[in-house]
Amino acid sequence: MILYPAIDLKDGQAVRLVHGDMDRATVFNDDPAAQARAFVDAGCKWLHLVDLNGAFAGTPVNAAPVEAILKACPVPAQLGGGIRDMATIEMWLSKGLERVILGTVAVENPDLVREAARAFPGHVAVGIDARDGKVATKGWATETDVDATDLAKSFEDAGVAAIIYTDINRDGAMGGPNIPATEALAQAVTIPVIASGGVSSLDDLTALKDTGVISGAISGRALYDGAIDLAAALAMLKG
């Protein structure tokens with residue numbers, strides 16, 4: 001199981017939100033590239049980036065810090081937030097991003113996801129952010145009646161590289177991930193599923209790994225707060 005350290009970008013800084021609330025942001029580093037390098041130095045093999053402003057704006061806002069991270073770090077990175085057309089997908093992949101994460105458009109324009117996955121095999125992931133099992137879009141500000149599992153299943157034949165499943169009620173709250181819901185989703189599809197939201201201890205990572213069906217986990221606040229030691233976590237996941 002791959003551990004993805006998260007760098008959430010708001011106004012050019014690395015922050016963490018609670019439950020996706022932009023008014024409840026804690027700034028952890030005003031130099032996101034330095035933060036990324038610290039994660040890489042600790043041994044991480046991937047980075048998970050989110051353009052929070054972009055998620056609300058519908059277009060990239062924190063492009064400069066993302067580009068600085070891509071230049072500073074030799075490991076692959078995936079990015080979500082504000083990526084809602086083919087031109088933006090092409091732009092990010094041309095700049096060295098390994099994987100784009102399509103969330104809002106997965107609901108509003110699923111054909112774009114399919115087109116992008118065909119055009120860029122292995123470089124397109126779907127972000128499914130859910131509150132009580134129902135998908136939320138546009139930076140989690142818009143509730144839908146779309147069932148998270150149904151949405152995931154709809155992309156079974158699309159060739160997407162992964163599904164990033166976030167339980168919004170757990171995100172940034174340090175209360176542990178929603179393992180039953182994530183495991184059920186992973187069992188419902190053949191696409192690799194990455195868990196996000198509430199991953200706050202080595203025990204959480206062990207429990208996710210022990211399901212045998214979850215391919216990755218994203219953690220942010222716990223790494224910044226020291227609740228998870230990144231090097232120790234990576235060593236544990238290797239074992």
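Scanning all heavy atoms of the two residues, the minimum distance from Trp92 to Ala63 falls at CH2-CA, 3.7 Å. The minimum heavy-atom distance between Ala217 and Met1, with the atom names listed, is CB-CE, 3.9 Å. The minimum heavy-atom distance linking Ala42 with Leu234 is given by the pair O-CD1, 3.7 Å. In plain terms, the two heavy atoms of Ala6 and Tyr224 that are nearest each other are O-OH, 2.8 Å. A pairwise comparison of heavy atoms in Asp229 and Ala232 identifies OD1-N, 2.7 Å as the closest pair. Residue Phe56 comes nearest to Ala141 through the heavy atom pair CE2-CB, 4.0 Å, listed as atom of the first residue, atom of the second, then distance.
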(request) Start with the C-alpha distance between Phe28 and Gln13, add both sets of side-chain angles, then the distance that settles side-chain contact (heavy atoms from CB on, under 4.5 Å), and finish with yes or no. (result) CA-CA 8 Å; Phe28 283 103; Gln13 298 174 311; over 6 Å; no
(message) Under the criterion side-chain contact (heavy atoms from CB on, under 4.5 Å), I'd like the reasoning laid out for Val100 against Leu79: C-alpha separation, chi angles, the key distance, then a yes or no.
(response) CA-CA 5 Å; Val100 294; Leu79 170 70; 5.9 Å; no
(request) Could you walk me through whether Lys10 and Met22 pass the side-chain contact (heavy atoms from CB on, under 4.5 Å) test, one step at a time? (result) CA-CA 9 Å; Lys10 178 177 183 279; Met22 288 286 270; 3.7 Å; yes
(request) Let me see the working for Thr26 and Val15 under side-chain contact (heavy atoms from CB on, under 4.5 Å), right down to the final yes or no. (result) CA-CA 5 Å; Thr26 302; Val15 308; over 6 Å; no
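Note on Leu102 and Leu49: same hydrophobic cluster, where clusters join Ile, Leu, Val, Met, Phe, Trp and Tyr whose side-chain heavy atoms are under 4.5 Å apart, directly or indirectly. Leu3 is not connected to Ile101 by any chain of hydrophobic side-chain contacts under 4.5 Å among Ile, Leu, Val, Met, Phe, Trp and Tyr, and they are in different clusters. When hydrophobic clusters are built by joining Ile, Leu, Val, Met, Phe, Trp and Tyr residues whose side-chain heavy atoms come closer than 4.5 Å, directly or via intermediates, Leu47 is grouped together with Leu237. When the side chains of ILVMFWY residues are joined at heavy-atom separations under 4.5 Å, either directly or via intervening members, Val113 and Met86 end up in a single hydrophobic cluster. Linking ILVMFWY side-chain heavy atoms closer than 4.5 Å, directly or via other members, places Ile83 and Leu9 in a single hydrophobic cluster.
Ile128 places none of its side-chain heavy atoms less than 4.5 Å from the side chain of Thr166. For the pair Gln78 and Val50, the minimum side-chain heavy-atom distance is 4.5 Å or more. Counting only heavy atoms from C-beta outward, the side chains of Pro177 and Asp167 never approach each other to under 4.5 Å. In this structure, the side chains of Val199 and Leu208 come closer than 4.5 Å at one or more pairs of heavy atoms.
Between the side chain of Ser215 and the backbone N or O of Val193 there is at least one donor-acceptor pair closer than 3.5 Å. Between the side chain of Arg24 and the backbone N or O of Arg16, no donor-acceptor pair lies under 3.5 Å. Under the 3.5 Å distance criterion, the side-chain polar atoms of Asn62 are left unmatched by any main-chain donor or acceptor of Pro65. Under a 3.5 Å cut-off, the side chain of Arg131 and the backbone N or O of Ile168 do not form any donor-acceptor pair. When atom types are taken as modelled, the side chain of Thr142 and the backbone of Ala136 share no donor-acceptor pair closer than 3.5 angstrom. Of the possible polar contacts, none joining the Asp225 side chain to the Ala227 backbone as a donor-acceptor pair under 3.5 Å is found. With Asp51 contributing its side chain and Val61 its backbone, the two residues share a donor-acceptor pair below 3.5 Å.
Taking CG from Asn178 and CZ from Arg170, the interatomic distance works out to 4.5 Å, rounded to the nearest 0.5 Å. Considering CD of Glu67 and CE of Met91, their distance stands at 7.0 Å, rounded to 0.5 Å. The line from CG of Leu223 to CD1 of Ile218 is 11.5 Å long, rounded to the nearest 0.5 Å. For the atom pair CD1 of Ile191 and CD1 of Ile194, the computed distance is 11.5 Å after rounding to the nearest 0.5 Å. Note that the CD1 atom of Ile89 and the CD atom of Glu115 stand 8.0 Å from one another [nearest 0.5 Å]. The CE atom of Met236 sits 5.0 Å away from atom CG of Leu205, with the distance rounded to the nearest 0.5 Å.
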Tell me which donor-acceptor pairs under 3.5 Å the side chains of residues 153-165 have, and how far apart each pair is, sequence neighbours excluded?
residue, atom, partner, partner atom, Å
Ser154, OG, Leu151, O, 2.6
Glu156, OE1, Thr190, N, 3.2
Glu156, OE1, Thr190, OG1, 2.8
Glu156, OE2, Thr190, N, 3.0
Asp157, OD1, Arg114, NH1, 2.9

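Under 3.5 Å, the side chains of Ser200 and Asp204 contain a donor-acceptor pair of N or O atoms. Judged purely by distance below 3.5 Å, without hydrogens or angles, the side chains of Thr137 and Thr104 never pair a donor atom with an acceptor atom. Between Asp85 and Thr88, the side chains place a donor N or O and an acceptor N or O closer than 3.5 Å (distance only, hydrogens not considered).
Cation-pi geometry between Arg99 and Trp46 is met: under 6.0 angstrom from the ring centre, within 45 degrees of the axis.
In this structure, Lys138 pairs ionically with Glu108, as a charged nitrogen and a carboxylate oxygen lie closer than 4.0 Å. Ion pairing of Glu143 with Lys134 is absent here, as no side-chain N (NZ or NE/NH1/NH2) approaches a carboxylate O to less than 4.0 Å.
Partners of Asp210 by side-chain hydrogen bond (donor to acceptor under 3.5 Å, both in side chains), not counting sequence neighbours: none found.
In this structure, Tyr4 has its ring center no closer than 6.0 Å to that of Phe39.
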